[in-house]
Amino acid sequence: TYVRPHRHSDPESWEILFILRGSLALNLLDENGKVTERKILNARGPVTVVEFPQNTWHTPVSLESGTVVFEVKRGPYKPIEEHNFASWAPSEGTPEASEFLEWYRKAQAGDVPPKLKK
């Protein structure tokens, strides 16, 4: 599943991801979409949980079928506002989203999304 890169800009926001089954890459990004850090979460370890602070651009991507993640955020639940979605990344359900999804599966720190390559 493609998750459009986003952030949580509310001053009281943070997020924790727990991997319950399978494996997941969490790409942390700068404001232009460049990968600043890539964290691999795997239910078999060594990393099974990650916490990141407010205003961190990020996108998770499943690395194997059947992956299950438990997400924890401060409540109450609020849908992500449009200004917190990356303007340089396609929306979910668009043809371009599948290209981004495949790129995010392999992206490493320092890589730039396909749309931004010159």
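Computed from heavy atoms alone, side chains included, the values below leave out hydrogens, waters and symmetry copies. What you see is a predicted model; the values in this text were computed from it and never measured. Residue numbers count from 1 along this sequence.
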*Please walk me through it: do N27 and W57 pass side-chain contact (heavy atoms from CB on, under 4.5 Å)?*
CA-CA 8 Å; N27 294 313; W57 290 101; over 6 Å; no
*Nearest heavy-atom pair of G93 and A97: which atoms, and what distance?*
N-CB, 4.4 Å
*Kindly compute the distance separating NZ (K73) from CD1 (I16), expressed to the nearest 0.5 Å.*
12.0 Å
*Is there a chain of hydrophobic side chains (I, L, V, M, F, W, Y, each step under 4.5 Å between heavy atoms) that links W14 to F70?*
yes
*Tell me, with the steps shown, if H58 and E37 meet side-chain contact (heavy atoms from CB on, under 4.5 Å).*
CA-CA 10 Å; H58 61 283; E37 190 174 353; over 6 Å; no
*What's the shortest heavy-atom distance between S9 and Q54, and which atoms?*
O-NE2, 3.4 Å
*Does T36 reach the main-chain N or O of L28 with its side chain, forming a donor-acceptor pair under 3.5 Å?*
yes
_Over 12 non-hydrogen atoms of neighbours within 6.0 angstrom of NZ in K106_ = no
*Criterion side-chain contact (heavy atoms from CB on, under 4.5 Å) against R21, the qualifying member of V69, T67, V68*: V68
*Could you tell me which non-hydrogen atom of W88 sits nearest to which non-hydrogen atom of P5, and how far apart they are?*
CH2-CB, 3.8 Å
*Answer yes if L20 and V49 sit in the same cluster of Ile, Leu, Val, Met, Phe, Trp and Tyr residues linked by side chain heavy atoms under 4.5 Å apart, and no otherwise.*
yes
*asked:* Applying salt bridge (Lys or Arg N to Asp or Glu O under 4.0 Å) to D10 and R74, what does each step give before you reach the verdict?
replied: CA-CA 10 Å; D10 183 312; R74 182 179 174 164; over 6 Å; no
_All ring pair (Phe, Tyr, Trp, His ring centres under 6.0 Å) counterparts of Y2, not counting sequence neighbours_ = none
*Which distance, rounded to the nearest 0.5 Å, do you find between the CG of L41 and the NZ of K39?*
8.5 Å
*asked:* Tell me if a side-chain donor or acceptor on R105 pairs with a main-chain N or O of L63 at a distance below 3.5 Å.
replied: no
*Which heavy-atom pair separates G33 from P113 by the least distance, and what is that distance?*
O-CD, 3.0 Å
*Judged by atom type as modelled, is there a donor-acceptor pair below 3.5 Å linking the side chain of S98 to the main-chain atoms of P95?*
yes
_Salt-bridge present (E82, R4; N to O < 4.0 Å)_ = yes
*asked:* Taking the side chain as everything from C-beta on, heavy atoms only, tell me whether L26 gets closer than 4.5 Å to F52.
replied: yes
*asked:* Quick check on side-chain contact (heavy atoms from CB on, under 4.5 Å): which of T56, L29, N84 does R7 satisfy it with?
replied: N84
*Checking side-chain contact (heavy atoms from CB on, under 4.5 Å) for the pair N42/I19: CA distance, chi angles, key distance, verdict?*
CA-CA 6 Å; N42 191 301; I19 187 89; 5.6 Å; no
*Has the side chain of N32 got a donor or acceptor atom that lies under 3.5 Å from a matching backbone atom of K34?*
no
_Note: R38-D111 ion pair, threshold 4.0 Å (strictly below)_ = no
*Joint hydrophobic cluster, V50 plus V72, side-chain heavy atoms closer than 4.5 Å*: no
*Honestly curious: do V61 and V35 fall in one hydrophobic cluster under the side-chain, below-4.5 Å linking rule?*
yes
*Out of curiosity, H8 NE2 to N55 CG, how far, rounded to the nearest 0.5 Å?*
10.5 Å
